[in-house]
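Given the structure is predicted, the values throughout are model-derived calculations rather than measurements. Here, residue 1 is the first one in the sequence, and each next residue gets the next number.
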Amino acid sequence: TISPSQHYLQKLGFPYPVILNFRKLIKTLTIQEEKVLRLLTASKTTIVSFDTIAQEIWGSDHLSRFSLEAIAKLIQNLREKIRQSGINKNIIFTVRKKGYFLGL
């Protein structure tokens, strides 16, 4: 029997053995990486804009701290940690000049 969270991860396209690694993945993420992953997961296949990601990362200070380079680096690190956890398929996709989405 699998838990509701494991069922949800399967629904997102993560095979069962990877679900066990997903827990390990969460432990390796920075607070910002975890916030972005949760935001992308909650948005499913909808494009999450750079502004929305910035607001999630930097909160009310996002206008003064906004940096596309910092967001791109955070996404790059997140993709790498996802790969290291055993999820070999690309799940975070870039939409030029708009943002990112979690592909299922």
Looking only at non-hydrogen atoms, find the nearest pair between Glu33 and Thr28 and report the distance. OE1-O, 4.3 Å
Looking at [atom1] of [X] and [atom2] of [Y], how far apart are the two atoms once the value is rounded to the nearest 0.5 Å?
X     : Y     : atom1 : atom2 : value
Ile53 : Ile71 : CD1   : CD1   : 6.0 Å
Ile91 : Thr41 : CD1   : OG1   : 7.0 Å
Leu40 : Ile92 : CG    : CD1   : 5.5 Å
Asp51 : Glu56 : CG    : CD    : 13.0 Å
Lys73 : Leu78 : NZ    : CG    : 12.5 Å

With a 4.5 Å heavy-atom cut-off, do Thr30 and Lys81 have their side chains touching? yes
Any non-hydrogen side-chain atom of Lys35 less than 4.5 Å from a side-chain atom of Ile57? no
Under the side chain to side chain donor-acceptor pair (under 3.5 Å) rule, collect the residues that match up with [X], sequence neighbours excluded.
X     : answer
Ser49 : Thr52
Ser43 : none
Asp61 : Ser64

Could you list the residues that satisfy side chain to side chain contact (heavy atoms under 4.5 Å, CB included) with Glu34, not counting sequence neighbours? Ile26, Leu29, Arg38
What pairs with Glu69 under side chain to side chain contact (heavy atoms under 4.5 Å, CB included), at least two apart in sequence or on another chain? Ser67
Quick one: ring pair (Phe, Tyr, Trp, His ring centres under 6.0 Å) pairs with a partner in residues 26-79, sequence neighbours left out? Phe50-Tyr100
Under 3.5 Å, is there a donor on one side chain and an acceptor on the other for Gln84 and Glu80? yes
